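These notes concern the structure reproduced below.
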Amino acid sequence: MREGFIREEFSKDLYKPDQWQWQEGDLTVTRSCQWSGPGCHQGCSVLFYTKNNELVKIEGDPNSPVNEGRLCMRCLNMVEMVNHPDRIHTPLRRVGERGNNQWEEISWDEAYDEIVAKTKEITEKYGAKSISTGMGTGRNASWQTPALAFAGFKTPNDNAGMLSGDSCYTPRMMAMNALFGSTCIADMGQCLEKRFDDPRYSIPDMMLIWGNNPIVSNADGFFGHWVIDVMRRGTKIIVVDPRLTWLASKAEVWVQIRPGTDGAVALAMLHVMIEEGLYDAEFVDKWTYGFDALKERVADWTPERAAEIAWCEADVITKAARTFGAAGVNGTTTLQWGLKLDQQKYGVPAAHAIACMQIITGNIDVPGGFICINFGYTQSDIREAIAKDMMSEIKDGRLGDDYGALRRVGYAPHSSTDATLVAMETGEPYPIKMLYLCSTNPITNMGAESKRIYEAMKSIEFCVVCDLFITPTAAAFADIFLPVAMGCERSGVRGWYTPLRAINKVTDAGGKGDEVLMLELGKRLNPDYFPWDTVEEFDNYCMENLSSVPLKMTFEELRDKVIAYPDFEYRKYEKGLLRADGKPGFQTATGRIELYCTMYDMAGVDPLPYFDEPTESPMRTPELMEEYPFVLSTGARSWEFFHSEQRQSKAMREFHPDPIVELNTEDAAALGIKEGDWVNIENPHGKIRQKARVVPTIKKGVVHCEHGWWFPELAGEEPTLFGNWESNANCLTTMCDFGPSGYGAPYNTQICRVYK
Ligand SMILES: Nc1nc2c(c(=O)[nH]1)N[C@H]1C(S)=C(S)[C@@H](COP(=O)(O)OP(=O)(O)OC[C@H]3O[C@@H](n4cnc5c(=O)[nH]c(N)nc54)[C@H](O)[C@@H]3O)O[C@H]1N2
Ligand SMILES: Nc1nc2c(c(=O)[nH]1)N[C@H]1C(S)=C(S)[C@@H](COP(=O)(O)OP(=O)(O)OC[C@H]3O[C@@H](n4cnc5c(=O)[nH]c(N)nc54)[C@H](O)[C@@H]3O)O[C@H]1N2
Ligand code: SF4
Ligand SMILES: [Mo]
């Protein structure tokens, strides 16, 4: 067992480090990975304690190199969620009018038969493209749904649950793939089984944390406590955030900026680094393309210019640039960035600028640096394997392939949500008549401009929602509701950024895992593509088809091993391990990291990083600021909730009973607002109310409100829909205002006024 983390009640003598399941008295202990539901990106290693088909306790697995026994409060609270009385265990059919939240229980066969019949009817009437599937983020549901869309419903229109501009990670991914030809992440030793004890590993000297709060969010396969692990070993940090986070309070430099001005600040930091020679000239010369053009681009981006835009001090920008640049020249820097870059219209160029800072330090694919990883989206391998040739058969006319320059040249992971909205509203280029929503609650959380999406969804003839609970979206629109299994109730393979792990089913509450849903429905829709009879058979198929993970083992072998690490090598670009032709370099047109991006150039996007103002902002629309004087940021994560989930949890609501809007102390005093007051937050797009938290730690002139709020304790039927319109941040955001690339949307850069 790994030293250092054993909870008191944890029985060391009974613990079996090398078994996946064992008995402790009348409790069965099962080693697994808690991916979802409920949701999280991370999927930490857990021990499920069960008795008579019931989860009675959960612990972090101390033997896991991933989380070393640590768990967040949401996982520690699994027992409440799994056994929650509001959970649905049987398929439901709507009774009476849509939106009255009345249901009758039906069998799985009846539910599937009805979905198959409706699919046939809608395909005959409008064509298969009129069916759109929607999925949520990062849960173990985000690859089965597209596979079902392509190979089952035969539609190319799978989308990210109405997330405008694919503004979650995709803008950063676009920047990385275009510049590096692969995906890069901060190296916390997570690719090595022995982690910090592996002699190949060394910690970063400096970590730049930009628009991200990893300790709370643990996003995209990055466990936030790894940052604390390296800080304990000596890593220093720089934080760029309009709010003082716990990490910002421990930073060498904290740059407190106006939301959405990241691009300007990064260009100015590049200006200082280049001007003062704080970069690795040899690396830049040998491995990058376009440095002179970059130098010219940032020549007039002085810290003073950026400071005026970002409402911060020029000295702080200079200090951040010098601290980062010097650390990079003398040691190792790494970059841990986050969602807030994606949630702005010009998120792609902002990410481009920040990536350039890390690149010119030369700390690419080195221990403790920004490492290139080829098994990030392992799970998508399976989706592609299942759908086989279906995609090429059905892809023509996918919605929104012309929404933005990168989409136009084929860089489009999903159909466009914005185009889906327009199709629902106008019937152009063709109508959307059926929705299959699996792991998303678009009118509460995923979609911007909630009311507009809600109105548009009224044109849908048939809607299926697969979820754990009746959500506002399900109450308003579902004709059939399919109940989904929670983490201890499903089997599967987890491979998403971090090593492979087995998910092991130990209880059954009636709901089905997303794999089972896909197999059972897929078999009825298009049997040739879904030949597996059992989930065990399918899990083995998954193991055989993880082409991006060079590991060959059966599901049973994976389960016995608990976690399987593919081989990992540093400095792959020197060894010819990144390019398809086996030559040294990067998988880009020039073979180098492209500071000047030839792919953007070809697509008609600015090939160099740039900054522009949001559509509504103090600089672009000063006239609007008289009425709406604050910049509005939304959705910084909290411990208690994963998006719109957990609002029905007694424990989480005890810690976090109400939606919180944060205001600066001076701003609140000027408005006569006190801590705990319910206040209205209003802008040209809508109005909501949240409870004021008055703090000196948020930037003056900036307001932050929480996302994902609904109230399961209120009436579920129309017009209340569990209080969906009371405090929903997306009554204040807008759809169809994505960046020129097609990516990035202003979830984080609206304006507003606040009053009691
Ligand atoms: N508990 C919990 N964890 C989650 C989620 C959840 O809902 N709950 N959601 C998951 C998902 S899908 C995602 S994408 C990730 C997101 O996780 P993160 O990438 O960590 O993003 P946020 O928590 O939204 O914001 C991070 C920080 O950015 C700051 N910020 C706000 N505006 C700006 C800005 O304009 N510029 C800069 N530089 N900083 C800004 C905020 O104050 C906040 O401290 O979290 C994942 N993890
Ligand atoms: N204003 C504002 N809006 C935002 C954000 C923000 O920061 N500000 N963040 C945005 C971001 S980055 C994202 S990624 C989206 C996320 O949005 P979504 O991922 O759509 O999250 P939810 O809306 O909570 O809907 C997810 C649903 O999936 C269900 N579920 C949980 N686990 C499982 C499972 O294993 N299988 C299935 N089938 N269902 C499951 C949950 O009960 C829940 O109802 O929200 C976006 N919305
Ligand atoms: S990061 Fe936290 S909530 Fe997510 S799986 Fe790990 S322990 Fe659970
Ligand atoms: Mo996200």
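Quantities reported herein were computed from a predicted structural model and do not represent experimental measurements. Atoms within a ligand are numbered from 1 in the order they appear, just like the ligands themselves. Just so you know, these numbers use all the heavy atoms, side chains as well, and skip hydrogens, waters and symmetry mates.
- Close contacts of ligand 3 with Q34, meaning ligand atoms under 4.0 Å from a residue heavy atom, involve 5 (S).
- Remark: ligand 2 and G37 share an N or O pair separated by less than 3.5 Å (distance only, no angle test).
- A side-chain donor-acceptor contact under 3.5 Å links D262 and W210.
- Interface of R74 with ligand 3, defined as ligand atoms under 4.0 Å from a residue heavy atom, comprises 3 (S).
- The N/O atoms of T471, backbone and side chain alike, include none that comes under 3.5 Å of an N/O atom in ligand 2.
- For atom 46 (C) of ligand 2, the closest heavy atom belonging to the protein is N445 O, 3.6 Å.
- The residue from S217, G39, S638, P242 that puts a heavy atom closest to atom 1 (N) of ligand 1 is S638.
- Taking every non-hydrogen atom of T440 and a distance limit under 4.0 Å, the qualifying atoms of ligand 2 come out as 20 (O), 25 (O), 26 (C), 27 (C), 28 (O).
- Residue-to-ligand polar distances place N213 within reach of ligand 1: an N/O pair is separated by less than 3.5 Å.
- In summary, the side chains of T473 and N441 do present a donor paired with an acceptor at a separation below 3.5 Å, with no hydrogens or angles considered.
- The shortest N or O to N or O distance between Q343 and ligand 1 is not under 3.5 Å.
- In terms of polar-atom proximity, N140 is not counted as a contact of ligand 2, lacking any N or O under 3.5 Å from an N or O of the ligand.
- Near P259, with a cut-off below 4.0 Å to any heavy atom, the atoms of ligand 1 are 34 (C), 35 (O).
- Not a single heavy atom of G138 sits less than 4.0 Å from an atom of ligand 1.
- Of the protein's non-hydrogen atoms, the one nearest atom 36 (N) of ligand 2 is D514 OD2, 2.8 Å.
- Ligand 1 has an N or O atom lying under 3.5 Å from an N or O atom of R74, backbone or side chain.
- L163 counts as a contact of ligand 2, since one of its heavy atoms falls under 4.0 Å from the ligand.
- The shortest N or O to N or O distance between N748 and ligand 1 is below 3.5 Å.
- Which of F641, W337, Y747, Y169 comes nearest to atom 2 (C) of ligand 1 through a heavy atom is settled by distance: it is F641.
- Taking the six-membered ring for Trp and thresholds of 30 and 60 degrees, H41 and W496 have ring planes more than 60 degrees apart, a perpendicular arrangement.
- Looking at ligand 2, you'll find an N or O of T137 within less than 3.5 Å of one of its N or O atoms.
- The shortest heavy-atom distance from L71 to ligand 3 is under 4.0 Å.
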task = Kindly indicate, with the supporting measurements, whether the criterion salt bridge (Lys or Arg N to Asp or Glu O under 4.0 Å) is fulfilled by D514 and R139.
result = CA-CA 10 Å; D514 293 273; R139 303 174 186 85; over 6 Å; no
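- Closest to atom 21 (O) of ligand 2, if we only count protein heavy atoms, is R139 NH2, 3.1 Å.
- Defined by atom type and a distance below 3.5 Å, a donor-acceptor pair is present between the side-chain atoms of H685 and E616.
- Because its NZ or CZ atom is both nearer than 6.0 Å to the ring centre of W311 and within 45° of the ring axis, R258 counts as a cation-pi partner of that residue.
- When only non-hydrogen protein atoms are considered, atom 44 (O) of ligand 1 lies nearest to D241 OD2, 2.6 Å.
- No heavy atom of H704 sits closer than 4.0 Å to any atom of ligand 1.
- Counting heavy atoms only, G260 comes closest to atom 35 (O) of ligand 1 of the residues S167, G260, C40, G708.
- The protein heavy-atom contact nearest to atom 24 (O) of ligand 2 is S644 OG, 2.7 Å.
- Ligand-side atoms of ligand 1 in range of R243: 41 (C), 42 (O), 43 (C), 44 (O), range being under 4.0 angstrom from any heavy atom.
- Less than 4.0 angstrom separates some heavy atom of K340 from each of these atoms of ligand 2: 7 (O).
- Atom 4 (Fe) of ligand 3 has an N, O or S atom of C40 inside 2.8 Å of it.
- Remark: among candidates C72, G487, P38, G221, the nearest residue to atom 7 (S) of ligand 3 is C72, based on non-hydrogen atoms.
- The contact set between ligand 3 and N218, taken as ligand atoms under 4.0 Å from a residue heavy atom, comprises 1 (S).
- The shell of residues lying under 4.0 angstrom from ligand 2, judged by heavy atoms, includes C438.
- Ring pair Y112/W108 is tilted by interplanar angle, where 30° to 60° counts as tilted.
- When each atom of ligand 2 is checked for a heavy atom of L339 under 4.0 Å away, the hits are 7 (O), 12 (S).
- Heavy-atom separations between R490 and ligand 2 include at least one value shorter than 4.0 Å.
- Under the ring-ring contact (aromatic ring centres under 6.0 Å, His included) rule, W710 has a single partner from W725, F722, F469, which is F722.
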